[in-house]
Asks: 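My structure is below; once you've seen it, I'll send some questions.
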Number of protein chains: 2
Amino acid sequence: MSKAIDKAYARIRSGIVSGELAPGQHLKEEELAELCDVSRTPVRDALRQLEADYFVERRDNQRVFVASWTEDDIDDIFELRAMLEGFAAGRAAEHITQGQLIQLRHHHEAIVKGVGANGLIDSDVFLENNRAFHRLIWDAARSARLAAMLQRLVEQPVVMRTLVTYGAKDLARSISQHDEILDALSHGDRAWANAAMTSHILHAQRVYHSAAAEQVAAQ
Amino acid sequence: MSKAIDKAYARIRSGIVSGELAPGQHLKEEELAELCDVSRTPVRDALRQLEADYFVERRDNQRVFVASWTEDDIDDIFELRAMLEGFAAGRAAEHITQGQLIQLRHHHEAIVKGVGANGLIDSDVFLENNRAFHRLIWDAARSARLAAMLQRLVEQPVVMRTLVTYGAKDLARSISQHDEILDALSHGDRAWANAAMTSHILHAQRVYHSAAAEQVAAQ
DNA sequence: TGGTTAAATATTGTATACTTTTTTTGCGCA
DNA sequence: TGCGCAAAAAAAGTATACAATATTTAACCA
């Protein structure tokens with residue numbers, strides 16, 4: 001793809017995810033152009049894409065601001081994800097191929113094997129295989145629109161900032177849930193796959209809240 | 001909003017909906033600029049937005065094409081709508097205000113009163129009030145993300161091209177369903193509202209298919 | 001004749017200058 | 001002092017020229 005637009009998109013996006021560009025902050029095209037070392041034209045293009053991805057908001061008179069969110073947004077996203085991923089898993093149960101099932105098992109086993117004696121796992125190994133596992137199911141659901149919705153939802157800055165590392169017990173449960181989802185998909189059982197996936201996401205929501213509560217307590 | 005971008009967006013979009021710009025057709029920025037009587041810059045901005053709205057697709061090397069779709073896409077969209085609108089109605093049951101209920105009843109009654117002695121209704125009256133009815137429920141669901149998803153889904157060109165005018169029997173059922181949804185919302189009954197709305201959308205899907213079958217038969 | 005490459009052409013990407021719109025600043029008057 | 005209006009400044013919108021890239025065409029060689 002085009003150089004300058006990608007450069008601008010990546011730079012601004014990472015600035016938002018890292019917090020360098022604070023929520024609510026007004027983004028001026030010229031400032032961003034300087035920051036990204038490109039002209040205003042690719043910055044404008046990048047801002048349009050960031051707007052579609054909900055990283056920035058266009059308010060009043062075409063002024064662009066970093067999207068801001070509340071705790072409610074996090075619950076909102078989890079709720080929507082639970083429904084959409086459940087739905088995707090259900091559809092996947094009816095459409096998944098043998099090849100996709102093999103790939104899914106591969107990612108699942110990579111996570112299982114990554115668990116150490118202490119019951120924990122390297123964060124990168126988990127994140128990468130977990131991500132691949134879920135995306136394969138989106139693909140298997142055979143709805144480009146559904147996949148696009150989930151993609152946008154999962155890549156929300158508020159989600160990317162709240163990556164939580166699982167404790168031993170929660171990790172074990174998550175693995176067990178993946179195993180169950182695999183089982184449901186193998187049997188082509190739509191309702192089971194849907195329920196197992198929904199449960200999986202809602203569990204993740206609980207883990208997030210526990211972690212958030214601990215952080216507050218530690219302060 | 002800005003003049004030229006809106007002009008370009010509206011012109012290109014209506015061209016796609018009307019079929020003047022055929023599915024799969026390669027859209028060249030200069031041609032569009034001439035068509036819309038603006039320069040390439042606002043055309044580019046408009047194309048970014050149309051891309052986010054799935055009206056056009058960016059392929060291989062940044063070339064933009066009118067999105068093409070199949071019969072499967074229509075079913076896909078109906079299925080997603082059934083789920084999302086059902087979910088929205090369920091959430092709305094828990095959040096809707098008295099004021100919103102009053103507005104909903106207003107739109108509902110406008111449709112009821114619009115039905116003539118032959119059991120039919122003026123298409124514009126129905127479309128406008130039906131649209132307002134559904135959007136009010138999206139708002140009442142209190143999730144900007146969910147509303148945005150539904151908005152994009154409903155405004156798909158393939159949906160806008162397949163507006164079906166209801167026959168007397170289907171119109172009567174649709175009105176009855178709206179009445180039921182209102183009842184469920186008034187009672188704050190999440191499960192009921194969800195089920196009633198899901199049913200309403202799936203009925204619309206059947207109506208669409210019947211109409212499509214008739215058109216084929218008439219050829 | 002068929003395929004490969006290079007030149008020409010078409011199309012998109014980028015920068016910049018200029019225009020329009022919006023916001024801010026500051027001055028005058030009540 | 002506080003309000004309102006006007007002028008100035010800032011920011012976004014638009015057009016255009018030029019650069020880079022991709023696609024097509026044509027020619028040459030095997």
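Sequence lines set the chain letters: A, B, ... in the order given, protein chains first and strands last, and positions in each chain run from 1. Values in this document were obtained by computation on a predicted structure and should not be read as measured data.
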Asks: Using a strict cut-off of less than 4.0 Å between a Lys/Arg side-chain nitrogen and an Asp/Glu carboxylate oxygen, indicate whether Arg11(A) and Asp37(A) qualify as a salt bridge.
Replies: no
Asks: OP1 or OP2 of dA15(C) versus the side-chain N and O atoms of Arg40(A): is any pair under 4.0 Å?
Replies: no
Asks: Roughly, in whole Å, what's the span from CG in Asp45(A) to C1' in dA12(D)?
Replies: 14 Å
Asks: Output the rounded distance in Å from CZ (Arg59(A)) to P (dA12(D)).
Replies: 13 Å
Asks: Would you say a side-chain N or O of His26(B) is under 4.0 Å from OP1 or OP2 of dT23(D)?
Replies: no
Asks: Starting from P on dA15(C), measure out to CD on Glu30(A) and report it in whole angstrom.
Replies: 14 Å
Asks: I need the CG-C1' distance between Leu47(A) and dA11(D), as an integer number of Å.
Replies: 13 Å
Asks: Output the rounded distance in Å from CD (Glu29(B)) to P (dT14(C)).
Replies: 11 Å
Asks: Under 4.0 Å between a side-chain N/O of Gln62(A) and OP1 or OP2 of dA11(D), yes or no?
Replies: no
Asks: Assign the ring pair His200(B) / His178(B) to parallel, tilted or perpendicular, where the plane angle (0 to 90°) is split at 30° and 60°.
Replies: perpendicular
Asks: Is it the case that the side chains of His203(B) and Asp170(B) hold a donor-acceptor pair, with the cut-off being a distance below 3.5 Å and no angle test?
Replies: yes
Asks: Go nucleotide by nucleotide along DNA chain D from the 5' end; which of Lys28(A) and Ser39(B) gets its closest nucleotide reached first?
Replies: Lys28(A)
Asks: Does a donor on one side chain sit under 3.5 Å from an acceptor on the other, for Asp73(B) and Tyr54(B)?
Replies: no
Asks: Using a heavy-atom cut-off of 4.0 Å across all strands, would you classify Arg63(B) as base, sugar-phosphate, or nothing?
Replies: sugar-phosphate
Asks: Roughly, in whole Å, what's the span from CG in Leu32(A) to C1' in dA12(D)?
Replies: 13 Å
Asks: What nucleotide, of dT14(D), dT12(C), dT14(C), holds the atom closest to the side chain of Thr41(B)?
Replies: dT14(D)
Asks: Could you check which of dA12(D), dG13(C), dA15(C) has an atom nearest any side-chain atom of Val38(A)?
Replies: dA15(C)
Asks: Touch check for Leu27(A), heavy atoms < 4.0 angstrom, all strands: base, sugar-phosphate only, or nothing?
Replies: sugar-phosphate
Asks: Could you state the atom-to-atom distance from CZ of Arg44(A) to P of dG13(C) in whole Å?
Replies: 15 Å
Asks: Calculate the interatomic distance between Lys3(A) atom NZ and dA22(D) atom P; express it in whole Å.
Replies: 10 Å
Asks: Is the NZ or CZ atom of Arg131(A) both under 6.0 Å from the centre of the six-membered ring of Phe126(A) and within 45° of that ring's axis?
Replies: no
